[in-house]
Amino acid sequence: MTLLSFALQSVVARPRSWVVALLALGSALLLALGLAMVAGISEGTQRSVIESGAGHFLVYNSQSSEKAVVVTGPTGAPVLVPLPDYPSLETRLRQTPGVQDVVPLEVGMAATFRGNYLDDKLSTARAVARQLPSPERNARLMRLATDLERTLRDVARDADRQTEAFLTADEARMDRAALAETTKPDFWERFRAEPLVALEYLENHVARQVGEGESIDIEYLGSDLTQFARAFPRFEMVTGSLPPEGHRGLLLGHGLYEQRFKLPVAARLDELKRELDRGALLAEDERLRTLVERAQAELPDLLARVDAERSEAARAVLERVLGHEGEPEALWREFLKLEDGNFATRHQVFYAELAPLLPLYRVKPGDTVVLKGLDSLVNGVPLKVWGTYRFRGLGGDTSRVNTLSLMDLVSARYLSGRLSPDMVEEAKRDAQSLGLDFLAEAEVDQLKPATVVEVETVPTRTTNIPDFPRARAWPDTFSATELRGGSVLQAAVVVAPDADPVRVAEVVVQQGTSASVPLATVDWEAAGGFISGVVGMTRVVLLAFSVMLCLFVVLVSAGTLLLLAQERVGEVGTMRAVGMQRRDVFGSLLMEGLLLGGLGAGVGMALSALLLFGSMGDGILVTDEALQFFMGGPVLMPRLSWGQGLGVWLGVVAVVVVASLVPAWRGSAVPPAVAMRKRED
């Protein structure tokens with residue numbers, strides 16, 4: 001008590017020592033707020049990953065060479081061994097205490113190819129040509145023919161397009177001849193007489209001269225879509241509808257739909273609006289002005305994709321908005337000269353009056369796209385696009401998770417090159433017919449579906465017409481057995497609210513071991529892949545900041561206390577002369593550091609608690625959509641438990657006490673005679 005009283009009097013008498021307390025205060029405040037932020041980000045990211053397809057943990061075959069994930073990284077989908085007898089396994093998982101739902105999953109990458117703008121125009125003309133003849137149909141067909149003729153004249157003027165089509169010299173020469181044919185009046189006379197024949201000619205000999213179109217990569221999750229939507233409450237349809245149970249189909253992530261399937265000019269306007277809504281100005285931001293220039297550069301593609309009828313309607317709108325007449329391209333270019341003063345008005349006009357006249361999206365719900373796996377040898381898989389979806393509250397169209405697409409598990413399985421049970425049986429029969437009975441069943445399973453091989457045919461003289469068996473079209477539906485009876489690579493397990501996910505995962509693995517079923521699990525952090533890695537990086541950054549802050553506190557505190565100890569040498573000598581032991585002096589100086597650190601850290605913790613539970617009690621609003629996934633939604637909730645707060649306080653006090661050791665030791669080590677002489681000096 002004497003030492004405490006002595007240390008307290010010394011602290012009060014020397015305001016310079018309060019620097020140490022202020023350092024402890026600032027350190028405790030920063031560390032507490034930083035820890036609360038990191039905890040809030042960690043909890044938010046965990047919630048986002050769990051509620052966007054990963055569940056609380058993933059179950060996969062422990063014999064796999066890689067671990068299960070729901071977000072693929074640069075190396076693509078992991079190599080997994082199928083779960084053995086999935087239907088039975090799913091039943092056992094559902095019976096495990098604490099398990100709320102089990103969702104079969106498969107991750108993968110695919111691509112779909114979209115034709116060039118001439119393909120789109122030919123497709124529109126073909127649809128009209130197939131209608132029953134009528135005066136209206138004929139008049140519309142003639143308008144489309146006039147527009148096609150004008151477009152092809154532009155193509156003929158751009159000979160460089162042929163280099164984009166990867167043509168040989170002979171092919172290029174033939175195509176130039178075909179293109180020249182379309183510039184003759186005779187061709188368009190034949191078009192009016194036999195439109196479908198002329199369209200086929202254009203499609204086969206002219207369209208590729210415009211370029212190869214565009215390939216769009218699609219990252220997908222294969223699953224039981226009905227069950228997926230039921231298990232993850234953040235799932236919501238934006239356009240279209242869920243495929244009925246037992247129907248094949250694709251749901252595009254709405255973020256991907258807006259970024260890659262939307263008309264480029266519209267996508268640029270959307271990006272500009274997001275930036276301007278955040279307070280940016282075109283006049284001050286070079287990147288935004290570049291976006292305006294890119295929108296204008298996309299104008300030829302927009303004009304080429306709009307048919308003659310809609311082009312005239314858009315022209316009328318532009319003339320009214322701009323206040324004068326003109327050619328469509330000139331009017332569009334003037335309209336797209338965007339500035340801070342006219343952007344809001346023109347953005348509103350674009351979506352209210354012009355967008356309905358444009359092919360705003362390259363694919364619409366109800367269309368069919370052909371997907372090809374990036375790492376498989378199978379032919380394209382046609383899939384109906386039922387609509388677009390997103391995860392509610394996890395960022396808008398710029399969020400990474402909202403670019404993830406969903407498809408039925410049967411299509412995903414085939415897209416990856418794995419055989420269905422029927423295909424396996426067919427492969428076995430084929431192997432037997434070829435005398436390959438020695439192949440093990442596992443080896444038969446590895447056989448890929450038949451694909452088309454291009455070889456040069458040997459001409460033979462025969463009058464027999466070859467008998468090709470009827471090609472089997474892809475069925476639109478599948479049975480429950482096909483859905484779960486085929487191979488399933490992994491499953492997401494959703495845990496009941498009152499259950500411990502770690503404990504449930506341990507029980508699942510134990511049950512698998514007891515039943516000789518090779519099971520392994522990964523938690524949300526591993527399942528989220530590099531997205532979850534953001535949390536780990538945030539923790540590392542906080543740790544590095546904490547270490548640097550502690551070093552700073554140690555150095556400044558030690559220097560301050562050492563200076564104070566030197567000033568008190570004479571005082572120490574007097575105390576030693578009247579009988580105070582060295583250890584008492586050491587304890588007194590150490591107690592002084594403890595008091596300064598304890599008081600400073602205590603006030604710092606009180607201030608941090610005031611900020612966290614006062615001004616931040618309702619959370620921090622996150623307006624940047626790209627960050628909402630990591631925050632768990634549009635509001636970040638900083639978290640600091642009593643245990644964490646106590647840990648910060650003890651840590652800061654410990655740092656100050658360590659900084660006090662050297663000054664206390666040196667101050668107490670001065671001999672009384674030397675100290676007295678200095679006091680006399």
Side-chain angles (χ1 to χ4, degrees), residues 48 51-54 70-72 103 105-114 120 214-245 247-271 273-274 305 350-351 355-356 358-372 381-412 415 476 531 625-626 628-629 633-634:
S48 298
E51 296 175 354
S52 60
V70 291
V71 179
T72 58
V103 184
L105 289 179
E106 178 158 344
V107 300
M109 291 289 295
T112 184
F113 178 80
R114 297 296 303 168
D120 292 348
E214 183 183 10
S215 177
I216 300 176
D217 292 342
I218 296 178
E219 183 181 356
Y220 65 84
L221 273 179
S223 184
D224 178 335
L225 298 184
T226 303
Q227 189 182 355
F228 187 95
R230 187 171 56 238
F232 300 107
R234 295 226 190 196
F235 174 94
E236 66 175 3
M237 294 298 302
V238 182
T239 61
S241 62
L242 264 177
E245 285 195 57
H247 281 66
R248 297 174 54 247
L250 174 69
L251 295 176
L252 290 171
H254 197 71
L256 178 72
Y257 193 58
E258 291 291 314
Q259 294 173 26
R260 300 302 306 277
F261 288 89
K262 199 170 191 178
L263 200 66
V265 170
R268 303 280 177 264
L269 293 178
D270 292 346
E271 189 173 356
K273 186 172 189 309
R274 281 195 295 270
R305 290 182 186 275
F350 179 83
Y351 275 101
L358 304 176
L360 200 57
Y361 295 96
R362 301 178 184 181
V363 169
K364 299 183 291 297
D367 292 347
T368 296
V369 298
V370 178
L371 298 183
K372 183 171 176 58
V381 176
L383 271 180
K384 179 179 177 180
V385 178
W386 286 86
T388 64
Y389 84 101
R390 66 181 164 215
F391 292 103
R392 184 174 52 253
L394 298 187
D397 300 334
T398 57
S399 171
R400 170 75 163 76
V401 71
N402 286 334
T403 62
L404 191 65
S405 297
L406 293 173
M407 72 172 68
D408 67 277
L409 193 57
V410 175
S411 300
L415 200 57
D476 293 330
I531 286 184
E625 292 183 340
Q628 289 178 358
F629 179 86

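Worth saying up front: this structure is predicted, and the values here are computed from it rather than measured.
To the nearest 0.5 Å, atom CG of residue Leu256 and atom CZ of residue Arg400 are 10.5 Å apart. Going from atom CG of Asn402 over to atom CZ of Arg234 covers 10.5 Å, rounded to the nearest 0.5 Å. In this structure, CG on Leu406 lies 11.0 Å from CG on Asp224, to the nearest 0.5 angstrom. To the nearest 0.5 Å, the span separating CZ on Arg268 from NZ on Lys262 amounts to 12.0 Å. One distance of note links NZ of Lys372 with CD1 of Ile218; it measures 14.0 Å at 0.5 Å rounding. Between the CD atom of Gln628 and the CG atom of Leu394 there is a distance of 8.5 Å, given to the nearest 0.5 Å.
Nearest heavy-atom pair across Arg248 and Trp386 is O-NE1, 3.1 Å. Counting all heavy atoms, side chain and backbone alike, Gly253 lies closest to Ser405 at N-OG, 3.2 Å. Of all heavy-atom pairs between Pro634 and Gly393, the closest is CD-O, 3.8 Å. Pro243 approaches Thr226 most closely through the heavy-atom pair O-OG1, 4.3 Å. Of all heavy-atom pairs spanning Ala412 and Glu106, the tightest one is O-OE2, 3.6 Å. The minimum heavy-atom distance between Leu105 and Gly53, with the atom names listed, is CD1-O, 3.2 Å.
Considering Ile216, Val385, Thr388 in turn, Ile216 is the only one that fulfils the side-chain contact (heavy atoms from CB on, under 4.5 Å) rule with Phe261. For the side-chain contact (heavy atoms from CB on, under 4.5 Å) test with Leu225, the passing option among Leu409, Leu242, Leu250, Val103 is Leu242; the others fail.
For the pair Val381/Met407, no side-chain contact is recorded, criterion being any heavy-atom separation below 4.5 Å from C-beta on. For the pair Leu371/Tyr220, no side-chain contact is recorded, criterion being any heavy-atom separation below 4.5 Å from C-beta on. The closest side-chain heavy-atom distance from Ser52 to Phe629 is below 4.5 Å. At least one side-chain heavy atom of Asp217 sits under 4.5 Å from a side-chain heavy atom of Met109. At a threshold of 4.5 Å between non-hydrogen side-chain atoms, the residues Phe350 and Leu358 count as touching. A heavy-atom distance below 4.5 Å is not found between the side chains of Thr112 and Leu383.
Remark: Arg230 pairs with no residue by the salt bridge (Lys or Arg N to Asp or Glu O under 4.0 Å) rule, at least two apart or across chains. Not counting sequence neighbours, Asp397 has no partner by the salt bridge (Lys or Arg N to Asp or Glu O under 4.0 Å) test. Annotation: salt bridge (Lys or Arg N to Asp or Glu O under 4.0 Å) contacts of Lys273 (sequence neighbours excluded): Asp277.
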As a quick check of understanding, evaluate side chain to side chain contact (heavy atoms under 4.5 Å, CB included) for His254 and Glu236, giving each step before the final call. CA-CA 10 Å; His254 197 71; Glu236 66 175 3; over 6 Å; no
For Val238 and Tyr257, what are the C-alpha separation, side-chain angles and deciding distance, and is it a side chain to side chain contact (heavy atoms under 4.5 Å, CB included)? CA-CA 11 Å; Val238 182; Tyr257 193 58; over 6 Å; no
The test is side-chain hydrogen bond (donor to acceptor under 3.5 Å, both in side chains); show your working for Asp270 and Tyr351 and say whether it passes. CA-CA 10 Å; Asp270 292 346; Tyr351 275 101; 2.5 Å; yes
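Under a cut-off of 6.0 angstrom, the local environment of CD in Glu245 is sparse, with at most 12 non-hydrogen atoms contributed by other residues, nucleotides or ligands.
A donor and an acceptor atom, one from each side chain of Tyr361 and Glu258, are located under 3.5 Å apart.
Ring-plane geometry between Phe235 and Tyr389 is classed as parallel, the angle between the planes falling under 30 degrees on a 0 to 90 degree scale with a further cut at 60.
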